[in-house]
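To find a chain, count down the sequence lines: A is the first, B the second, and so on, and within it residues start at 1.
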Amino acid sequence: MTEPFPGHADYVLGLADDALVSAQRMGWWISRAPELEEDVALANIGLDQLGQARALLAHAGRLEGDGRGEDDLAYWRDEREFRCVHLVERPQADFGVAMARLLVFACYQAELYAALLSSADETLTGVAGKAVKEVAYHVDHAHHWVVRLGDGTDESRARMQAALDAEWPYVEELFTPVDPALVGAGIAADPTAFRAAVLERVAEVLDEATLSVPEVTPRLGGGRRGLHTEDFGYVVAEMQHLARSHPGARW
Amino acid sequence: MVSTQTRRSAAWALAAEVPDPEIPVVTIEDLGILRDVAEDDRGWVHVQVTPTYSGCPAMDAIADDLQERLTAAGYQHVDVEFVLSPAWTTDDISQAGLAKLEAYGVAPPSPTRGGPVGLALSVRCPQCGSPDTRETSRFGSTACKSLWVCRSCQEPFDRFKPL
């Protein structure tokens with residue numbers, strides 16, 4: 001077991017919340033995707049992310065040492081206590097947006113989990129060891145769709161490019177530096193160290209898809225400090241309402 | 001007098017019979033997700049299982065089933081621990097498990113050999129045996145399967161995804 005380290009729980013919470021909120025958004029697609037197989041695919045991708053989130057939340061709870069478990073952290077924290085980035089928390093009611101976001105997020109998670117394979121935190125290595133293989137399928141899925149839509153009809157190409165343009169201001173926040181002490185202790189993976197690899201992988205896919213890397217000013221972010229977009233409150237309410245309306249509900 | 005070793009094997013044998021809730025034709029031993037069954041001097045049993053995928057929804061059902069079977073066999077204290085490391089891979093499925101999957105109509109995964117996921121190898125139809133098949137979706141009815149269709153017999157089938 002890793003020794004408590006200042007900021008350790010908060011770091012793990014950031015990873016957990018990215019996965020959790022992305023899973024919640026992914027679940028929205030069930031019954032709404034362009035075809036049945038895609039409903040199933042996005043549900044499975046969300047399920048992988050949820051599984052990663054559960055293990056990470058449970059770990060964050062143990063590191064905090066206040067007796068909070070995964071459900072306490074998922075259902076009983078308020079908006080400002082979440083540490084997810086803005087990329088994953090906004091609505092994704094356009095399929096192009098969902099695929100643009102999945103491409104970026106899965107490429108990010110692929111590098112993140114690969115880096116965490118050598119973390120000094122054994123629980124993080126354990127989660128990463130499983131997740132790195134699951135995420136390879138997510139990258140592959142987003143890759144196929146982005147190429148299919150980008151290198152498709154004029155309509156699909158224009159919409160895929162518009163989706164990328166809409167997501168791109170939120171990409172940079174993924175690489176917000178983490179506490180150097182945590183990186184120095186070998187616990188955290190430094191996102192600035194794998195930023196280039198993520199962007200390069202995404203750019204390769206965009207090139208294959210005849211799309212261009214958007215040139216936009218990054219948004220300020222702030223998700224890691226608990227500052228979120230207006231949309232976030234709604235998704236948190238949706239995610240938590242059952243647990244809060246019926247405390248202890250089981251089925 | 002029963003030796004500790006025999007008792008340990010007896011607990012393992014009971015645990016090993018637990019079927020996978022989603023593909024009940026294979027057991028958790030066949031799948032390679034049963035990692036350890038240890039019995040201490042007091043007769044308390046500690047079972048370690050590992051999930052196939054991080055979000056595998058079958059884990060709670062498996063833990064309940066382990067509790068029930070071992071308790072019914074007379075073990076008073078049974079606890080089930082989920083472990084993540086080393087990460088499960090489809091290479092952990094036993095030869096018997098692979099054969100059962102195929103007989104059940106689920107095409108077995110190709111060996112990963114620690115290599116990258118997603119190598120396009122020919123997949124044989126578990127119904128008619130034809131190699132002329134195509135993947136219709138990389139994500140299937142459960143996290144661990146993809147959806148395929150056979151061009152020869154036209155039947156759809158599941159495949160256990162290499163992981």
More than 12 heavy atoms of other residues, nucleotides or ligands under 6.0 Å from CZ of B/R69: is that the case? yes
Check each atom of A/D140 against the heavy atoms of chain B and say whether the ones under 4.5 Å are side chain, backbone, both or neither. side chain
So for B/T142, is it side chain, backbone, both, or neither that comes closer than 4.5 Å to the heavy atoms of chain A? backbone
Could you tell me whether A/R159 atom CZ has more than 12 heavy atoms of other residues or ligands within 6.0 Å of it? no
Shortest non-hydrogen pair, B/A143 vs A/D48, comes out as CB-OD1, 4.5 Å
To the nearest 0.5 angstrom, please state how far the CD atom of A/Q52 sits from the CG atom of B/L84. 10.5 Å
Find out whether A/L47 and B/P57 are in side-chain contact, i.e. whether some heavy atom of one side chain is under 4.5 Å from a heavy atom of the other. yes
Looking at B/E68, I want to see if its CD is surrounded by more than 12 non-hydrogen atoms of other residues, nucleotides or ligands under 6.0 Å. no
Stepwise side-chain hydrogen bond (donor to acceptor under 3.5 Å, both in side chains) check, B/T136 with A/E37: CA-CA 8 Å; B/T136 50; A/E37 286 79 2; 5.3 Å; no
Side chain, backbone, both or neither: which part of A/L50 has a heavy atom under 4.5 Å from chain B? neither
Chain A contact via B/P86 - which portion, at a heavy-atom distance below 4.5 Å: neither
Would you say CD of B/Q154 has more than 12 non-hydrogen atoms from neighbouring residues, nucleotides or ligands within 6.0 angstrom? yes
Any idea how B/F139 and A/H138 line up, ring-wise: parallel (<30°), tilted (30 to 60°), or perpendicular (>60°)? tilted
For B/Q95, does the CD atom sit with more than 12 other heavy atoms under 6.0 Å from it, leaving out its own atoms? no
Tell me, yes or no, whether the heavy-atom count around A/R54 atom CZ, taken from other residues, nucleotides or ligands under 6.0 Å, exceeds 12. no
Does any N or O in the side chain of A/K130 come within less than 3.5 Å of the main-chain N or O of B/S85, such that one atom is a donor and the other an acceptor? no
Locate the shortest heavy-atom distance separating B/S54 from A/A131; write the atom from each residue and the value. OG-N, 4.4 Å
Any side-chain heavy-atom pair from A/N44 and B/R138 closer than 4.5 angstrom? no
At a heavy-atom separation under 4.5 Å, does A/V127 approach chain B through its side chain, its backbone, both, or neither? both
Can any side-chain N or O of B/K161 pair as donor or acceptor with the backbone N or O of A/Y137 at less than 3.5 Å? no
